[in-house]
Visitor: 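Encoded as C-alpha cells, here's the structure I'll be asking about.
This chain uses plain numbering: 1 for the first residue, then up along the sequence. Hydrogens, waters and symmetry mates play no part in the numbers below; they use all other heavy atoms, side chains included.
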Amino acid sequence: MSRFKAITVAIYLLIIQTDNISNAGPMELAAKPLTAAQQVQVRRAVYDKGPTYTRPDEGPFQGKRILTLPPDLVACYQANPVETLRLLTEIVRGGAPKDAVLAAAYGEALAGDPVVAALVTSLPLEYIDRPGADAPRSARLRLTESAEKHLIEAEKREKDRSNKKD
C-alpha cells in the first residue's frame with residue numbers, strides 16, 4: 001500500500017471515529033476504537049493473507065470445509081468485537097473485490113458460521129460489483145448488508161452487556 005493510501009486511510013478512520021464520538025448521546029458511550037496496532041492487524045489479515053481452510057475432525061463443523069481465522073484477527077475481535085466488525089464492514093463496502101470478499105467472509109466466520117464464510121470466499125470476483133441476469137443487485141451490496149447485520153447484532157450484544165453492568 002502506498003504511503004499516500006495509508007495516510008488517506010488513517011485520516012478517514014480518524015474522521016469516522018470522531019464522528020462516532022460526536023454522535024454519541026449523553027447516556028450513550030461510543031465504542032472504544034481499535035488501536036492503531038489492532039487496525040493494522042485487521043487490515044493485514046485481509047490485505048496480506050489469503051483465505052485458509054480446514055476440515056475439523058470433531059465438533060459442530062466436523063468434516064465440513066471451514067474458513068480458518070488468523071489468530072491476530074481473532075484477538076482483535078475478542079478485545080473489541082464491534083469495532084473489528086465495523087472495520088471489516090468498511091473494507092467490504094470500499095475494498096477491492098478480493099479484499100471485500102475476504103473481509104465479508106471473516107465477518108461471517110466471526111459471527112459464528114465458518115462454513116458459510118468458506119463459501120463466501122469462492123464468489124467469482126468479476127461479479128462482485130456488477131449485477132447479473134439472475135441477481136438484480138451486485139454481490140457487494142449483498143455482502144455489505146450481511147456485514148452490517150453482523151455489526152448491528154454485535155452492537156446490540158455490547159449494549160445489552162453494558163446495560164447489565166448498570
Side-chain angles (χ1 to χ4, degrees), residues 1-6 8-10 12-13 16-17 31 33-158:
M1 181 184 293
S2 74
R3 182 177 258 169
F4 176 74
K5 284 183 181 176
T8 303
V9 167
Y12 179 72
L13 289 172
I16 289 173
Q17 290 170 354
L34 293 174
T35 65
Q38 289 171 323
Q39 290 178 26
V40 168
Q41 288 176 324
V42 172
R43 289 184 184 283
R44 281 192 178 153
V46 174
Y47 299 139
D48 295 349
K49 302 172 185 170
T52 58
Y53 310 95
T54 190
R55 288 186 190 272
D57 292 332
E58 53 189 44
F61 303 111
Q62 179 180 359
K64 296 179 180 168
R65 180 176 178 248
I66 65 169
L67 179 67
T68 307
L69 290 166
D72 288 345
L73 180 61
V74 173
C76 288
Y77 181 78
Q78 289 172 339
N80 196 336
V82 170
E83 293 304 314
T84 300
L85 290 174
R86 188 179 316 280
L87 181 52
L88 289 172
T89 301
E90 289 303 316
I91 295 169
V92 172
R93 269 193 204 109
K98 173 179 84 72
D99 301 327
V101 167
L102 188 55
Y106 283 155
E108 286 290 338
L110 289 168
D113 200 338
V115 175
V116 169
L119 293 172
V120 167
T121 63
S122 66
L123 288 172
L125 299 180
E126 61 270 15
Y127 296 111
I128 297 303
D129 289 318
R130 64 179 171 168
D134 59 338
R137 298 177 308 140
S138 71
R140 185 183 303 265
L141 290 176
R142 293 190 305 272
L143 293 173
T144 301
E145 288 170 0
S146 179
E148 288 171 345
K149 181 184 110 196
H150 296 313
L151 176 58
I152 290 167
E153 289 168 354
E155 288 172 332
K156 189 180 288 185
R157 284 191 303 271
E158 191 71 26

Visitor: Answer yes or no: is there a side-chain heavy-atom contact under 4.5 Å between R86 and E83?
Guide: yes

Visitor: Could you report the tightest heavy-atom contact between G107 and L85, atom names first, then the distance?
Guide: CA-CD2, 4.1 Å

Visitor: Is any side-chain N of the basic residue among E153 and K156 closer than 4.0 Å to the acidic one's carboxylate O?
Guide: no

Visitor: Between P97 and R140, is there a side-chain heavy-atom distance shorter than 4.5 Å?
Guide: yes

Visitor: Quick check: are there more than 12 heavy atoms from other residues, nucleotides or ligands sitting under 6.0 Å from CD of E126?
Guide: yes

Visitor: If you define the side chain from C-beta out and look only at heavy atoms, does anything of L88 sit under 4.5 Å from L110?
Guide: yes

Visitor: With a sphere of 6.0 Å drawn around CG of D57, does it hold more than 12 non-hydrogen atoms of other residues, nucleotides or ligands?
Guide: no

Visitor: Please examine the side chains of L67 and Y53, heavy atoms only from C-beta on, and report whether any two atoms are closer than 4.5 Å.
Guide: yes

Visitor: Has Q39 got a side-chain atom pairing as donor or acceptor with L34's backbone, closer than 3.5 angstrom?
Guide: yes

Visitor: How close do L102 and V46 get, heavy atom to heavy atom, and via which atoms?
Guide: CD2-O, 3.5 Å

Visitor: Which heavy-atom pair separates A117 from A105 by the least distance, and what is that distance?
Guide: CB-O, 3.1 Å

Visitor: Has the side chain of R137 got a donor or acceptor atom that lies under 3.5 Å from a matching backbone atom of R142?
Guide: no

Visitor: For R55 and G63, work out which heavy atoms get closest and say how close.
Guide: NH1-O, 3.2 Å

Visitor: Output the distance between atom NZ (K49) and atom CG (D72), rounded to the nearest 0.5 Å.
Guide: 5.5 Å

Visitor: Please report the interatomic distance CD(Q41) to OG1(T84), rounded to the nearest 0.5 Å.
Guide: 9.5 Å

Visitor: Inspect the contact between E90 and R93 and indicate whether a charged nitrogen and a carboxylate oxygen are less than 4.0 angstrom apart.
Guide: yes

Visitor: Do the side chains of L69 and Y77 get nearer than 4.5 Å, heavy atoms only?
Guide: no

Visitor: Would the distance check show the side chain of S146 and the main-chain N or O of L143 forming a donor-acceptor pair, the cut-off being under 3.5 Å?
Guide: no

Visitor: Between P70 and A45, what is the shortest heavy-atom contact and its length?
Guide: CG-CB, 3.9 Å

Visitor: Do I91 and R43 have side chains that approach each other closer than 4.5 Å (heavy atoms only, starting at C-beta)?
Guide: yes

Visitor: What's the spacing between L151 CG and E155 CD if we round to 0.5 Å?
Guide: 4.0 Å

Visitor: If you compare all heavy atoms of G112 against all heavy atoms of F61, which two are closest, and at what distance to 0.1 Å?
Guide: O-CZ, 3.8 Å

